[in-house]
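Please read these numbers as outputs of a predicted model, since none were measured by experiment. All ligand and atom numbering here is 1-based and tracks the order in the structure.
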Amino acid sequence: MNVNPLPQAYTYDLKQSVSNNRLLGFWRMMAGFRWRYFGAIATLGLASVFSMVSFLLIRYFVDEALQAPDLAAILPPVALGFVGLALLQGLFSFLSGKLTAQTAEGVALRLRNYMFDHIQHLTFTYHDNMKTGELIQRCTSDVDTVRRFFSEQAIGIGRIFILFSINFGALLSLHVGLALLSVIVIPPIVIMSLFFFRRVSKAWDEYEQQDAKLSTTLQENLSGVRVVKAFARQQYEQDKFEADNYEKFRRGRHFMLMHSGFWPITDVICGAQILAGYGVAAIMVMDGTLTLGAYLAYAGLLINIINPIRNLGRLIVHMSTGMVSFERVMHVIREEREPLTKGAFQPEGSLKGEVVFKDVSFGYDPEAPVLKDISFTVRPGQTVALLGSTGSGKTSVVSLLPRFYEYTGGSITIDGAELRDYPRQYLRRQIGIVEQEPFLFSRTIRENITYGVGREVSDDEVIAAAQAAAIHEVIETFPDGYNTLVGERGVTLSGGQKQRVVLARTLLKDPRILILDDATSSVDAETEDSIREALLRLMQGRTSFIIAHRIQTVMRADLILVFDKGRIIQRGTHEELMAAGGMYRHVYDLQSRIEDELEKEIASVGLPL
Ligand code: DCP
Ligand code: MG
């Protein structure tokens with residue numbers, strides 16, 4: 001659904017505005033809004049022309065009309081002239097404001113949409129390394145500073161240029177000497193602003209960095225609120241936050257102080273300029289070289305010309321903040337997107353599901369391999385179980401299949417074609433994953449289950465998936481059933497319930513390759529047994545990867561791989577591995593012993609099994 005009526009809102013690729021020249025970058029970013037931008041400046045110019053003309057009308061009124069014999073006849077049109085000029089000035093000021101708002105808000109709207117879309121397409125590696133709070137800050141606060149650049153500084157530059165030219169022209173027409181006298185302040189103001197520009201840039205950059213740090217602290221605290229409470233670390237977190245917050249205050253104050261040091265100096269210079277101008281002009285009136293009417297007009301025009309000069313200084317300094325934030329936003333935009341549909345090989349139809357790993361190696365950091373010499377073959381429809389201690393690389397192996405990360409050595413083929421030749425989107429549609437840490441959106445349970453199907457789904461299908469994941473009965477007990485909201489304003493699900501909702505979501509997707517990463521870890525043994533039956537049925541005909549810690553769950557797999565420190569140390573079926581001894585046998589014995597003891601204990605206290 002496209003509710004955005006603005007031009008080129010989605011089609012213009014903001015990547016084109018990446019430039020080392022930030023002013024050029026701003027210019028490119030304005031694509032599609034440039035006519036509005038120039039319209040805003042032109043209407044502003046017209047408004048200034050009308051304002052300037054009213055000063056010239058004052059001169060005419062004082063110097064000529066008042067002396068004229070037929071004053072009574074002249075008065076009404078002159079009065080009408082003043083009213084008309086004021087109205088026109090108001091009208092064009094309004095138009096200019098409107099066009100400015102459309103430009104600035106439009107650019108910001110498109111930028112935010114683009115950033116959101118862009119971030120969704122960045123690689124897992126980028127997200128692993130970038131803090132969420134930092135990204136949020138760049139998408140909000142920095143985008144807002146860029147918006148202010150367009151609404152204030154970009155328009156301001158045009159405004160200053162126009163005000164200056166018009167009023168300077170009018171001044172020249174009044175008196176050339178006076179006009180030149182009125183602009184000698186320009187060089188000192190420009191030099192001073194450039195001097196402050198660099199310092200303010202630096203101060204703003206430091207401020208924004210601290211702002212991002214604070215967002216990160218806040219975001220992590222909100223996500224990790226349970227850990228904080230469980231360890232009773234509120235005071236520690238509070239102290240940490242206060243220290244960061246104080247630093248933000250300090251940097252903010254430094255930034256403001258720098259500004260407040262700049263303004264009074266320019267104000268004094270400009271004030272001196274006005275005084276000098278008024279003084280010289282007054283002397284000229286007394287000498288008789290300037291008429292009273294011209295003096296009055298000069299008095300008004302001088303203010304009109306000093307204001308833009310004074311604002312030029314402020315503007316240059318303010319522009320520095322826009323540029324710093326622009327650079328921070330561009331830093332994200334510069335990042336390459338993960339191509340979704342690109343692939344040397346464009347497959348048609350569904351996968352069969354033959355997966356072959358050959359000497360595969362991989363590391364999140366290329367220097368430190370996490371997987372070494374991984375080789376195995378799975379035929380379509382078979383089930384592979386991955387077993388191993390924590391951190392041994394099981395999740396890493398399965399993350400390679402949907403191309404979340406790229407393997408660095410060896411070869412992985414699916415149905416005979418190299419994995420890196422497949423388009424990512426195709427793979428991700430064909431592969432269903434129940435992740436180790438299940439995530440649900442704050443939407444209804446139904447929306448969560450149907451997420452990712454990409455077509456209309458009937459209630460029966462949803463229920464069937466939920467039943468298979470042994471979550472249907474739990475959902476039935478909720479007040480709104482499948483329409484119950486998850487999180488914040490709805491029900492809070494237990495870890496195991498979440499896992500089963502995610503399982504239902506994956507089953508509904510009907511993937512050709514199914515990956516269950518510890519999908520039953522938060523489920524008690526009894527529920528696991530009931531899910532297992534359903535899963536076994538569902539795994540029929542699909543290539544499945546199961547990661548689990550209980551041997552019960554994996555023993556029926558066609559191939560069991562035992563991992564240790566990124567290598568496969570044992571492989572085979574349950575029977576083969578039992579006969580071979582080693583790690584697998586050891587874990588099996590350990591688990592059976594624990595279960596036996598548990599049973600005995602339960603029997604001894606007389607609880608029914
Ligand atoms: N690792 C990493 N960066 C990531 C994910 C993991 O550097 N984004 C590291 C941590 C481990 C190694 O890779 O040292 C293997 O991690 P896995 O997640 O593959 O380990 P397992 O899935 O086997 O462990 P667990 O049973 O705890 O899930
Ligand atoms: Mg894991």
*Regarding Thr216 and Gln219, is there a side-chain donor-to-acceptor distance under 3.5 Å anywhere?*
no

*So, Gln382 and Thr543: side-chain donor and acceptor under 3.5 Å apart, yes or no?*
no

Donor-acceptor pairs under 3.5 Å, side chain of residues 470-481 to any protein atom, not counting sequence neighbours: which ones?
unit_1, atom_1, unit_2, atom_2, d
His472, ND1, Tyr482, OH, 2.7
Thr477, OG1, Val474, O, 2.5

*Within 6.0 Å of NZ in Lys202, more than 12 heavy atoms from elsewhere*: no

*Counting only protein atoms, how many N/O/S atoms are less than 2.8 Å away from the Mg ion (ligand 2)?*
2

*asked:* Assess whether a salt bridge exists between Arg138 and Asp211, defined as any Lys/Arg side-chain N lying under 4.0 Å from an Asp/Glu carboxylate O.
replied: no

*Using the six-membered ring of Tyr426, assess whether NZ or CZ of Arg512 lies under 6.0 Å from its centre and within 45 degrees of the ring axis.*
no

*Can you tell which of His127, Gln436, Lys565 gets a heavy atom nearest to atom 25 (P) of ligand 1?*
Gln436

*Number the atoms of ligand 1 from 1 as they appear, then name those within less than 4.0 Å of a heavy atom of Thr390, with their elements.*
24 (O), 25 (P), 26 (O), 27 (O)

*Tell me which part of Val370 gets within contact of ligand 1: side chain, backbone, both or neither, using heavy atoms under 4.0 Å.*
side chain

_Take a 6.0 Å sphere around OH of Tyr236 and say whether it holds more than 12 heavy atoms from other residues, nucleotides or ligands._
no

*Applying ring pair (Phe, Tyr, Trp, His ring centres under 6.0 Å), name anything that partners Tyr451, two or more places apart in sequence or on another chain.*
Phe441

_When you compare ligand 1 with Gly388, is there at least one nitrogen or oxygen pair between them that comes in under 3.5 angstrom?_
no

*Which residue holds the protein heavy atom closest to atom 24 (O) of ligand 1, what is that atom called, and what is the gap in Å?*
Gly391 N, 2.8 Å

For residues 341-361, dump all side-chain donor-acceptor pairs below 3.5 Å to protein atoms at least two apart in sequence or in another chain.
unit_1, atom_1, unit_2, atom_2, d
Gln346, NE2, Thr341, O, 3.2
Gln346, NE2, Gly343, O, 3.4
Asp359, OD1, Ser375, OG, 3.3
Ser361, OG, Gly409, N, 3.4

_Ser396 neighbourhood, listing ligand 1 atoms whose heavy-atom distance to it stays under 4.0 Å_ = 15 (C), 16 (O), 17 (P), 19 (O)

*For atom 7 (O) of ligand 1, what's the nearest protein heavy atom and its distance?*
Tyr364 CD1, 3.4 Å

